[in-house]
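What follows is a single structure, written as structure tokens, with notes after it.
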Protein chains: 2
Amino acid sequence: MFRAEAHLNLAFQALADPSRRAMVDRLVQGPATVSELAAPLAMSLPGVMQHLAVLEASGLVVSEKIGRTRTCRIEPKVLTQAEQWIAERRALWERRLDRLGQFLDETKDD
Amino acid sequence: MFRAEAHLNLAFQALADPSRRAMVDRLVQGPATVSELAAPLAMSLPGVMQHLAVLEASGLVVSEKIGRTRTCRIEPKVLTQAEQWIAERRALWERRLDRLGQFLDETKDD
DNA sequence: ATTATACTTAAGTGTATACTTAAGTGTTAT
DNA sequence: ATAACACTTAAGTATACACTTAAGTATAAT
């Protein structure tokens, strides 16, 4: 199995949770501290930390600790990879439909 | 919580597993029976059935049983929704970067 | 020096996932 | 009629997930 595939596992897994998507939603607006990420979530701080760990393991988010605060930000590469995986499959599916329609047109006067 | 959000949970969750992505990969080429989906996977048939159930629950795949064979095919709507969720976030993130760059340009002669 | 802040670690709990094997159902071929 | 086929159901196991509370560490403010 390839590294890219393992990354997709982690990325899609990370995006499957609504709390983590909310964290991503926040981070696309700009960097945030752990507390800022936690504020809107009805969850303990360690719970948020664990979600953050999942996001970091997937490569969707990176963070850096300065003093006593950790600042998190989006790393768009993996987001793009996940998007592209889907886009490619959708393109293949649509291409097949096109061929099918073309075939039906060509043979409709039988 | 909204229905769309629940669907995203299920869709991303479904896409997080490599066996299920392989099934989707096969189905974008065109419909397939359960056995055809199972053939390339190193797994028992009930295992494949369970993956199929996950894909159907997410709305990514639909199937129909005719005689003793069940034929599965892609349902692209949810695939598109998942793609769009990512695309929107990436767009927001890029828009923010643009504003940031613009700000830096405007203030670079200080 | 003391206290508050911002995480961080550890450990526990309950639920969900990803399989397995064994046995069963309805359909088609001989 | 019987045997093969294509699933399907049931039940069990082992691991992973999504939380929790309690206690700990390092930094910053007073």
Side-chain angles (χ1 to χ4, degrees), chain A residues 1 5-27 30-73 78 82, chain B residues 1 5-27 30-73 78 82:
Chain A
M1 191 176 296
E5 189 156 343
H7 244 146
L8 280 179
N9 294 349
L10 295 172
F12 283 130
Q13 180 72 42
L15 294 175
D17 184 276
S19 299
R20 286 192 294 261
R21 282 204 306 281
M23 292 167 76
V24 169
D25 256 343
R26 169 61 188 80
L27 290 175
T33 67
V34 174
S35 301
E36 284 166 355
L37 287 178
L41 301 175
M43 192 187 301
S44 67
L45 200 57
V48 175
M49 294 287 295
Q50 287 171 29
H51 282 305
L52 178 60
V54 172
L55 287 168
E56 293 212 56
S58 75
L60 285 165
V61 168
V62 294
S63 74
E64 185 193 8
K65 190 159 187 178
I66 298 175
R68 64 185 166 177
T69 73
R70 176 174 295 279
T71 302
C72 311
R73 59 185 166 77
V78 179
Chain B
M1 190 178 296
E5 189 157 343
H7 245 147
L8 280 179
N9 295 347
L10 295 172
F12 283 130
Q13 179 72 40
L15 294 175
D17 184 276
S19 300
R20 286 193 293 262
R21 282 203 307 280
M23 292 167 77
V24 169
D25 256 344
R26 168 60 187 80
L27 290 174
T33 67
V34 174
S35 300
E36 285 166 354
L37 287 178
L41 301 176
M43 191 188 301
S44 67
L45 200 57
V48 175
M49 294 288 293
Q50 286 171 30
H51 282 306
L52 178 59
V54 173
L55 287 168
E56 292 213 56
S58 75
L60 286 165
V61 168
V62 295
S63 73
E64 185 192 8
K65 189 161 187 176
I66 297 176
R68 64 185 168 181
T69 72
R70 177 175 296 278
T71 302
C72 312
R73 60 185 167 75
V78 179

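Chain naming here is simple, since letters A, B, ... match the order of the sequence lines and numbering starts at 1 in each. Model, not experiment: these values are computed from the prediction.
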- Message: Closer than 3.5 angstrom, by distance alone: can the side chain of A:Arg20 be matched with the main-chain N or O of A:Ala14 as a donor-acceptor pair?
- Response: yes
- For B:Lys65 and D:dC5, give me the distance from atom NZ to atom P, rounded to whole Å. 16 Å
- Query: Between the side chain of A:Arg26 and the main-chain N/O of A:Glu36, is any donor-acceptor distance below 3.5 Å?
  - Reply: no
- Any A:Val34 side-chain heavy atom under 4.5 Å of A:Leu45 side chain: yes
- Query: Going 5' to 3' along nucleotides 18-26 of chain C, which nucleotides have protein heavy atoms under 4.0 Å from the base (write B), which only from the sugar-phosphate (write S), and which from neither (write -)?
  - Reply: SBBBB---B
- Item | Rounded distance in Å - CG (A:Leu52) to P (D:dA18) | 14 Å
- Message: Side-chain N or O of B:Thr69 versus OP1/OP2 of D:dC7: is the shortest distance under 4.0 Å?
- Response: no
- Integer-rounded Å distance: C:dT17 C1' and A:Leu10 CG: 16 Å
Show me the protein contacts with nucleotides 13-15 of chain D, counting only N or O atoms at under 3.5 Å.
none

- B:Cys72 to B:Val61 - nearest heavy-atom pair and separation: CB-CG1, 4.1 Å
- Message: What is the separation between atom CE on A:Met49 and atom C1' on D:dT20, rounded to the nearest whole Å?
- Response: 15 Å
- Could you please name the partner base of D:dA22, counting Watson-Crick and G-U wobble pairs only when both distances are under 3.5 Å? C:dT9
- Task: Take the protein atom CG of B:Asn9 and the nucleotide atom P of C:dT17, then report the distance between them rounded to whole Å.
- Result: 11 Å
- Item | Residues forming a side chain to side chain contact (heavy atoms under 4.5 Å, CB included) with A:Arg73, sequence neighbours excluded | A:Pro31, A:Val62, A:Glu75
- Query: Is there a donor in the side chain of B:Gln13 and an acceptor in the side chain of B:Ser58, or the other way round, less than 3.5 Å apart?
  - Reply: no
- Whole-Å gap separating C1' (D:dA6) and CD (B:Glu64): 16 Å
- Message: Just verifying a value: how many Å separate A:Met49 CE and A:Glu56 CD, rounded to the nearest 0.5 Å?
- Response: 8.5 Å
- Note on the structure: Rounded to the nearest 0.5 Å, the CG atom of B:Leu15 sits from the CG atom of B:Leu55 at a distance of 8.0 Å
- Would you give the length of the straight line joining atom CD of A:Glu64 to atom CZ of A:Arg70, rounded to the nearest 0.5 angstrom? 9.0 Å
